[in-house]
Amino acid sequence: MKCNRCFASLLPDGGTAPDGDGFTGFFLDDTRHLSRYAWILPDFVVLAGADGSARAERHLSRFREHAQEMRARRILTLRPDGFDDLLEIVNEDTVPHEVRVRLDAEADFRDIFETRGRERETIGYNPPRREGWSWDYLAQDGVRASTILTLKGWDGDEVLRLAPGEAQVLRVAARFASDASGPQPSAPEAGWTDGALAARASASAPVRQAFEDVEMLLLSSPDGPRIAAGLPNFVTMFGRDSLLTSAFVLDLAPSLAASTLRSLARYQGTKHDPVTREMPGAIPHEIRMGELSRTGELPFGCYYGTSDASALYVILARDHLRVTGDATVARELADHWGAALDWCRSERTPDGFLRYPAGEHGRGLANTSWKDSDDSMSHADGRLAHGRLAVVEVQGYLAAALDAGADLNEALGREFGTLRQEAAELRTAIDSHFWSDRIGMHALALTEGGERLEVASSNPGHLLWAGALTPERAAEVAGRLMRDDLWSGWGLRTLATGEERYRPLSYHNGSVWPHDTGLFAVGLARYGLQAPFEAVAEGLRDLAAMLPDHRLPELVGGYERGVLPPLPYLETCIPQAWAAAALLGVEQAAWALEASKSEQKSKG
């Protein structure tokens, strides 16, 4: 559940794990304000429930001799600063009954990384102070946080006596506060266009769910709506995620792209910092507000360990101008997209490629492309690759960003110098340096010494999205990606089945990521490759239809369709912003292709 910056991760019965174990609880801005929260109703069982993005309803009953004697209904409504909880208990019998109702609650104010298993290394922990149903916490950096529960109609542990047909209602109001978070406004709106709203009204259940998931993940900001990356691990803005999400829904909600560009501009790098990887002009990877990030034990308060977000920033700025025909945002943010482009160009090595930043990664990410797990970059024999890698899709993004920079400067009446020439030369270099006849596609990456990581992966599919290939090469890459070792039937595997490190339920070595497949699909539409596009679009639609709530998660296992159902990765985020947006982007591409066919028929 989520409402603006407040979110909850709960068990199916609507409570938390015992003693705060596991990643359950109620959070505000990466801090767990309630680690334990559960109604204790002896002998009651959950019969049914209904979930919304910020509202959950559960129906419970107590049976005796195969007949219901007591019924309960619970309605939990999340707010931007806490929640309201209502429990109604009804005696459905013809005789009086008693029921003991107890509330079990505790607050630990742990950082979200701690709840995911990370232990504190350099800073201490001050246990919160509890008084009744109120908890106060003082973090190591002096930030104060509080949780207050207000009980209405009962004291938290009571025996209720109900006459036949009688109902009693118990209420709990929880309010969270933090110096770091400040006042919590209501969640913003996405700003869907009239055409998007019309399409949504007549869309399939998975597409309607995708619209709802994008809305659910919005965060308020001074610049308009931001998009959180995903629940429950990433309820904050990520550079790469927010830019690609905004790109997928650009035609449907151009105002989201504008606010994303403005929000990221606020955090754009201005200095050199080897800990956070900040550099002048760099667009951030991740922005966190938890205690471990605020105190510097983790570098993620504002972390810049990404090779591609700066290029994606320039591309989105240009594409927003193309879609809206309005240069206001491009002109307003000219210094920012200009600085992002300068960063990209300054980080190119003599071979012309954009590589991982130099220096030690420390407590940050070793891999700074979208496959950012430690074991995602490997040689054909399974050895992990290290150092300043040039990852293939990053080069495609850079080529697109160089062209985008030229387009933006031209639109504003400014000189654009050699940008178009640099883009053309880079596209040629991508094909000549990355192409591998052995695997029949572009290599995953190049090492600092120029050695190819010759493993078949989904990454070259992004080159179609970026427009970095000739039509002939795009068709060749598309055909290779649609072979059985990479195409699962639901989507692209991140790594082909025959590769040494292939594991269908790994994070980046054989799993299926909807956004990864979605970028490939939009790229197929860009090149007019209609048959593979329709196959990929159908696969994503079918995947969403197969899953609970028709909701695309962050990733699923890469098992062959028809052999096993789409199995979820253990720690997958559901919903995930760019997964939901990918389906909308694919549908938008399908609508555009259909409109183009209709236009051609009418002309014929």
Practice problem: Enter the distance from D251:CG to T193:OG1 here, rounded to the nearest 0.5 Å. | Solution: 8.0 Å
Self-check item: Taking every non-hydrogen atom, the tightest pair across C573 and F234
Solution: SG-CD1, 3.5 Å
Quiz prompt | Donor-acceptor contact present, side-chain R561 to main-chain G489, <3.5 Å | solution = yes
Quiz item: Taking the side chain from S506 and the backbone from R503, do they hold a donor-acceptor pair closer than 3.5 Å?
Solution: yes
Quiz prompt | Plane angle bin for W370 and H515 - parallel if under 30°, tilted between 30 and 60°, otherwise perpendicular | solution = perpendicular
Quiz item: Are any of the side-chain heavy atoms of L486 and M441 separated by less than 4.5 Å?
Solution: yes
Quiz item: Taking K2 for the side chain and L218 for the main chain, is one N or O donor matched with an acceptor at less than 3.5 Å?
Solution: yes
Exercise. Verify whether the ring centers belonging to F300 and Y304 lie closer than 6.0 Å.
Key: no
Practice problem: Answer yes or no: is there an ion pair linking R388 with E347, defined by an N-O contact shorter than 4.0 Å? | Solution: yes
Exercise. Could you tell me the separation between the CG atom of L384 and the OG atom of S378, rounded to the nearest 0.5 Å?
Key: 6.5 Å
Exercise. Identify the two heavy atoms, one from V536 and one from W487, that lie closest to each other, and give their separation to 0.1 Å.
Key: CA-CH2, 3.6 Å
Practice problem: Kindly indicate whether the side chain of H379, heavy atoms from C-beta on, has any atom under 4.5 Å from the side chain of E500. | Solution: no
Self-check item: Minimum-distance pair of heavy atoms, taken over all atoms of S458 and L481
Solution: CA-CD2, 4.1 Å
Self-check item: S221 side chain to R226 backbone, donor-acceptor under 3.5 Å
Solution: no
Quiz item: Taking the six-membered ring for Trp, is the centroid-to-centroid distance between H433 and F353 below 6.0 Å?
Solution: yes
Practice problem: Would you mind reporting whether V556 and S511 have side-chain heavy atoms less than 4.5 Å apart? | Solution: no
Quiz item: Ignoring hydrogens and geometry, is there a side-chain-to-backbone donor-acceptor pair from E499 to A456 under 3.5 Å?
Solution: yes
Exercise. Check whether any side-chain heavy atom of T16 lies under 4.5 Å from a side-chain heavy atom of L10, and answer yes or no.
Key: yes
Practice problem: Check whether any side-chain heavy atom of T517 lies under 4.5 Å from a side-chain heavy atom of P514, and answer yes or no. | Solution: no
Quiz prompt | Carboxylate-amine/guanidinium contact E114 R116, below 4.0 Å | solution = no
Quiz item: Does a donor on one side chain and an acceptor on the other come within less than 3.5 Å for T31 and D29?
Solution: no
Quiz item: Short question: side chain of S9, backbone of F23 - any donor-acceptor pair under 3.5 Å?
Solution: yes
Practice problem: Indicate yes or no: does D51 engage R58 in a salt bridge with an N to O separation below 4.0 Å. | Solution: yes
Quiz item: Just how far is it from atom CD of E286 to atom OG of S293, taken to the nearest 0.5 Å?
Solution: 7.0 Å
Quiz item: If you draw a 6.0 Å radius around CG in D484, do more than 12 non-hydrogen atoms from other residues or ligands fall strictly inside?
Solution: no
Quiz item: Side chains of L231 and P575: does their closest heavy-atom pair fall under 4.5 Å?
Solution: yes
Self-check item: Check: M377 and L453 side chains under 4.5 Å, non-hydrogen atoms
Solution: yes
Exercise. Determine yes or no for a side-chain-to-main-chain donor-acceptor pair under 3.5 angstrom, with Q395 supplying the side chain and V391 the backbone.
Key: yes
Exercise. State, to 0.1 Å, how close P225 and L256 come at their nearest heavy-atom pair, and which atoms those are.
Key: O-CD1, 3.6 Å
Quiz item: Are the side chain of S596 and the backbone N or O of A592 linked by a donor-acceptor pair below 3.5 Å?
Solution: no
Quiz item: From N367 CG over to S376 OG, what is the distance, rounded to the nearest 0.5 angstrom?
Solution: 4.0 Å
Practice problem: Identify the two heavy atoms, one from P532 and one from M482, that lie closest to each other, and give their separation to 0.1 Å. | Solution: CB-CG, 4.3 Å
Self-check item: Plane angle bin for Y303 and H285 - parallel if under 30°, tilted between 30 and 60°, otherwise perpendicular
Solution: perpendicular
Self-check item: Residue of the set T260, D319, D241 for which side-chain hydrogen bond (donor to acceptor under 3.5 Å, both in side chains) holds with S246
Solution: T260
Exercise. Show your reasoning for whether side-chain contact (heavy atoms from CB on, under 4.5 Å) applies to R240 and Y313.
Key: CA-CA 8 Å; R240 179 190 302 120; Y313 186 90; over 6 Å; no
Quiz item: Roughly how far apart are E448 CD and D351 CG, rounded to 0.5 Å?
Solution: 10.0 Å
Quiz item: Does the S457 side chain pair with the main chain of L495, one donor and one acceptor, at a distance under 3.5 Å?
Solution: no
Quiz item: When rounded to the nearest 0.5 angstrom, what is the spacing between CD in E534 and CG in L593?
Solution: 8.0 Å
Exercise. With sequence neighbours excluded, give me every side-chain hydrogen bond (donor to acceptor under 3.5 Å, both in side chains) pair touching residues 567-576.
Key: none
Practice problem: Identify, with sequence neighbours excluded, every residue that meets side chain to side chain donor-acceptor pair (under 3.5 Å) alongside R363. | Solution: none
Quiz item: Do you see a donor-acceptor pair shorter than 3.5 Å between the side chains of S488 and E560?
Solution: no
Exercise. Test ring pair (Phe, Tyr, Trp, His ring centres under 6.0 Å) on F211 and W192 and set out the steps.
Key: CA-CA 9 Å; F211 273 105; W192 304 115; 4.8 Å; yes
Practice problem: For W578 and L519, run side-chain contact (heavy atoms from CB on, under 4.5 Å): C-alpha distance rounded to whole Å, both residues' side-chain angles, the deciding distance at 0.1 Å, then the answer. | Solution: CA-CA 10 Å; W578 60 10; L519 288 171; over 6 Å; no
Quiz prompt | Exercise: do S307 and T368 side chains pair donor with acceptor under 3.5 Å | solution = yes
Practice problem: Name all residues meeting the side chain to side chain donor-acceptor pair (under 3.5 Å) criterion together with S369; count only those two or more places apart in sequence or in a different chain, and write none if there are none. | Solution: Y356
Quiz item: Would you call E212-R551 a salt bridge at under 4.0 Å N-O?
Solution: no
Exercise. Please assess R55 against L78 for the test side-chain contact (heavy atoms from CB on, under 4.5 Å), listing each intermediate value before the final yes or no.
Key: CA-CA 6 Å; R55 185 181 187 274; L78 208 61; over 6 Å; no
Exercise. Flag the pair Y527 / F533 as yes when their ring centroid distance falls below 6.0 Å, and as no otherwise.
Key: no
Quiz prompt | R541/E538 salt bridge by N-O under 4.0 Å criterion | solution = no
Quiz item: What are the two closest non-hydrogen atoms of D375 and N509, and how far apart are they?
Solution: O-ND2, 3.0 Å
Quiz prompt | Short N-O contact, D111 and R32, less than 4.0 angstrom | solution = no
Quiz item: Does a side chain donor of either T349 or R355 reach within less than 3.5 Å of an acceptor in the other side chain?
Solution: yes
Quiz item: Do D403 and R427 sit within salt-bridge range, that is, some charged N less than 4.0 Å from a carboxylate O?
Solution: yes
Quiz item: Any luck finding a side-chain donor-acceptor pair between S220 and N4 under 3.5 Å?
Solution: yes
Quiz item: For H442, which of R473, R452, R480 qualifies under side-chain contact (heavy atoms from CB on, under 4.5 Å)?
Solution: R473
Quiz item: Can you tell me if T115 and R110 form a side-chain donor-acceptor pair at under 3.5 Å?
Solution: no
Quiz item: According to the interplanar angle, ranging from 0 to 90°, do the rings of H508 and W513 count as parallel (below 30°), tilted (30 to 60°) or perpendicular (above 60°)?
Solution: parallel
Exercise. Output, in order, the C-alpha distance, side-chain angles, deciding distance and verdict of side-chain contact (heavy atoms from CB on, under 4.5 Å) for R348 and L426.
Key: CA-CA 11 Å; R348 298 175 75 182; L426 180 56; 4.2 Å; yes
